[in-house]
**Q** 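Below you will find the structure I want to go over with you.
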Amino acid sequence: MPNKSAGILLFRRISKKLEVLLVHPGGPLWKNKDDAAWTIPKGEFEEGEDPLEAAIREFTEETGNRPIGAFASLSPVRQKSGKWVYAWALEGDLQAEHINSNLFEMEWPPRSGRRQSFPEIDRAAWFDLETARQKINPAQVAFLDELEQKMK
């Protein structure tokens, strides 16, 4: 399993408050999980691949929207699994309810021999920072904190 992912923390300002776009993993294993299950749009990248290019690719694949603008590097975080996540903040906007995620395939139900396709992310939503801190993977809270500091 590759031990590095790269992603984009898209943010916008609504009435002087920051909101961030988070995505919820798709598939049956995540169906009933909410708090601490959301993430920034991200994906794995290989040695020698430019992490920012990988972050742009993954954001595009997971949302159907190609991010463009001034990317601000955030400090990498290490998740409980040991995976390092590299991220860039980007101010922008998109209609979360109209994302178009790529699909992945897995055997489901387990040991059934049947393979089914599921969206990599099943939904996206905008959250204020307080709510986002509850929804996001705990290791990624550091991205929210750093974004908030940079925006002061």
Side-chain angles (χ1 to χ4, degrees), residues 1-13 18-108 110 115-127 129 131-151:
M1 170 176 172
N3 58 0
K4 297 180 291 188
S5 286
I8 305 291
L9 176 59
L10 192 68
F11 70 94
R12 66 184 183 185
R13 299 166 211 233
L18 287 177
E19 290 187 343
V20 294
L21 180 80
L22 300 180
V23 296
H24 186 270
L29 301 177
W30 293 96
K31 183 178 177 186
N32 297 319
K33 295 182 174 144
D34 190 52
D35 285 353
W38 294 69
T39 182
I40 65 170
K42 64 176 179 47
E44 297 169 348
F45 67 97
E46 300 298 326
E47 196 64 42
E49 185 178 4
D50 179 71
L52 177 56
E53 288 180 17
I56 293 168
R57 177 193 71 232
E58 291 296 328
F59 188 98
T60 304
E61 287 177 359
E62 292 185 357
T63 68
N65 294 274
R66 183 168 177 79
I68 299 170
F71 298 94
S73 181
L74 300 172
S75 301
V77 299
R78 189 170 188 168
Q79 297 188 152
K80 189 176 180 181
S81 66
K83 180 182 284 187
W84 283 96
V85 180
Y86 298 80
W88 287 262
L90 175 66
E91 188 166 7
D93 202 357
L94 62 79
Q95 293 182 328
E97 63 276 9
H98 295 297
I99 59 154
N100 184 21
S101 179
N102 58 333
L103 302 175
F104 72 95
E105 194 175 275
M106 67 181 284
E107 182 180 15
W108 191 259
R115 298 202 59 81
Q116 293 189 48
S117 293
F118 301 95
E120 194 166 339
I121 62 165
D122 58 18
R123 62 190 179 274
W126 289 99
F127 296 102
L129 290 179
T131 305
R133 285 183 174 96
Q134 296 170 358
K135 299 290 183 187
I136 200 167
N137 176 304
Q140 294 178 32
V141 168
F143 294 145
L144 305 178
D145 294 342
E146 187 173 349
L147 173 67
E148 186 174 39
Q149 286 299 320
K150 287 183 182 231
M151 294 297 113

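If you read the sequence from its start, that first residue is 1, and numbering goes on from there.
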**Q** Quick check: closest heavy atoms across Val141 and Arg133, and the distance to 0.1 Å?
**A** CG2-O, 3.8 Å
**Q** Looking only at heavy atoms, which two atoms of Lys135 and Leu22 are closest? And how far apart?
**A**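 Here Lys135 and Leu22 meet closest at CB-CD1, 4.2 Å.
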**Q** Could you tell me the separation between the CG atom of Leu10 and the CG atom of Asp93, rounded to the nearest 0.5 Å?
**A**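 Rounded to the nearest 0.5 Å, the CG-CG separation comes to 7.5 Å.
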**Q** With a 3.5 Å distance limit and no angle check, can you tell me whether Ser101 reaches the backbone of Pro119 through a side-chain donor-acceptor pair?
**A** no
**Q** Just verifying a value: how many Å separate Glu58 CD and Glu53 CD, rounded to the nearest 0.5 Å?
**A**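 Output value for this atom pair is 12.5 Å.
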**Q** With salt bridge (Lys or Arg N to Asp or Glu O under 4.0 Å) as the test, would you mind laying out the steps for Arg12 and Glu19 before giving the verdict?
**A** CA-CA 5 Å; Arg12 66 184 183 185; Glu19 290 187 343; 2.8 Å; yes
**Q** If the test is ring pair (Phe, Tyr, Trp, His ring centres under 6.0 Å), which one of Trp126, Phe127, Trp30 qualifies with Trp38?
**A** Phe127
**Q** For the atom pair OG1 (Thr39) and CD (Glu62), what is the distance rounded to the nearest 0.5 Å?
**A**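 Nearest 0.5 Å value for the OG1-CD distance: 8.0 Å.
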**Q** Check Phe11 against Leu18 and note the closest heavy-atom contact, atom names and distance.
**A** CD1-CD2, 3.8 Å
**Q** Heavy atoms only: give me the nearest Ala96-Ala124 pair and the separation to one decimal.
**A** CB-O, 3.4 Å
**Q** Should Lys150 and Leu74 be marked as a side chain to side chain contact (heavy atoms under 4.5 Å, CB included) after you check the CA-CA gap, both sets of side-chain angles, and the distance that decides it?
**A** CA-CA 10 Å; Lys150 287 183 182 231; Leu74 300 172; 4.0 Å; yes
**Q** Once rounded to the nearest 0.5 Å, what's the spacing between atom OG1 of Thr63 and atom CG of Asn102?
**A** 9.5 Å
**Q** For the atom pair OH (Tyr86) and OG (Ser75), what is the distance rounded to the nearest 0.5 Å?
**A** 11.0 Å
**Q** Is there side-chain contact between Phe71 and Ile56, with heavy atoms separated by less than 4.5 Å?
**A** yes
**Q** Is the backbone of Ala139 close enough, under 3.5 Å, to the side chain of Gln79 for a donor and an acceptor to pair up by distance?
**A** no
**Q** What are the two closest non-hydrogen atoms of Ile40 and Ile136, and how far apart are they?
**A** CG2-CD1, 4.3 Å
**Q** Apply side chain to side chain contact (heavy atoms under 4.5 Å, CB included) to Leu29 and Phe118, showing your working.
**A** CA-CA 11 Å; Leu29 301 177; Phe118 301 95; over 6 Å; no
**Q** One pair to check against salt bridge (Lys or Arg N to Asp or Glu O under 4.0 Å): Lys4 and Glu47. What are the steps and the verdict?
**A** CA-CA 9 Å; Lys4 297 180 291 188; Glu47 196 64 42; 2.9 Å; yes
**Q** Looking at side-chain heavy atoms only, is the closest gap between Met106 and Pro28 below 4.5 Å?
**A** yes
**Q** Ignoring hydrogens and geometry beyond distance, is a side-chain donor-acceptor pair present between Asp35 and Gln134 at under 3.5 Å?
**A** no
**Q** Evaluate the side chain to side chain contact (heavy atoms under 4.5 Å, CB included) criterion for residues Leu103 and Glu120: first the C-alpha distance (whole Å), next the side-chain angles of each, then the deciding distance (0.1 Å), finally the verdict.
**A** CA-CA 5 Å; Leu103 302 175; Glu120 194 166 339; over 6 Å; no
**Q** What distance separates Met151 CE from Gln149 CD, expressed to the nearest 0.5 Å?
**A** 11.0 Å
**Q** Quick one, Val23 with Lys42, criterion side chain to side chain contact (heavy atoms under 4.5 Å, CB included). Give me CA distance, side-chain angles, the key distance, then yes/no.
**A** CA-CA 9 Å; Val23 296; Lys42 64 176 179 47; over 6 Å; no
**Q** Do Ile121 and His24 touch side chain to side chain, with heavy atoms closer than 4.5 Å?
**A** no
**Q** Taking salt bridge (Lys or Arg N to Asp or Glu O under 4.0 Å) as the definition, give me every residue that meets it alongside Glu91, ordered by chain and number, with sequence neighbours left out.
**A** Arg13
**Q** Just jot down the salt bridge (Lys or Arg N to Asp or Glu O under 4.0 Å) partners of Asp50, sequence neighbours excluded, or say none.
**A** none
**Q** Can you give me the closest heavy-atom contact between Phe59 and Ile8, atom names plus distance?
**A**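 Shortest heavy-atom separation between Phe59 and Ile8 comes out as CD1-CB, 3.6 Å.
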**Q** Among residues at least two apart in sequence or on other chains, which ones pass salt bridge (Lys or Arg N to Asp or Glu O under 4.0 Å) with Glu105?
**A**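 Residues passing salt bridge (Lys or Arg N to Asp or Glu O under 4.0 Å) with Glu105: Arg115.
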**Q** Say whether, by atom type as modelled, one donor and one acceptor occur between the side chain of Gln140 and the main chain of Asn137 under 3.5 angstrom.
**A** no
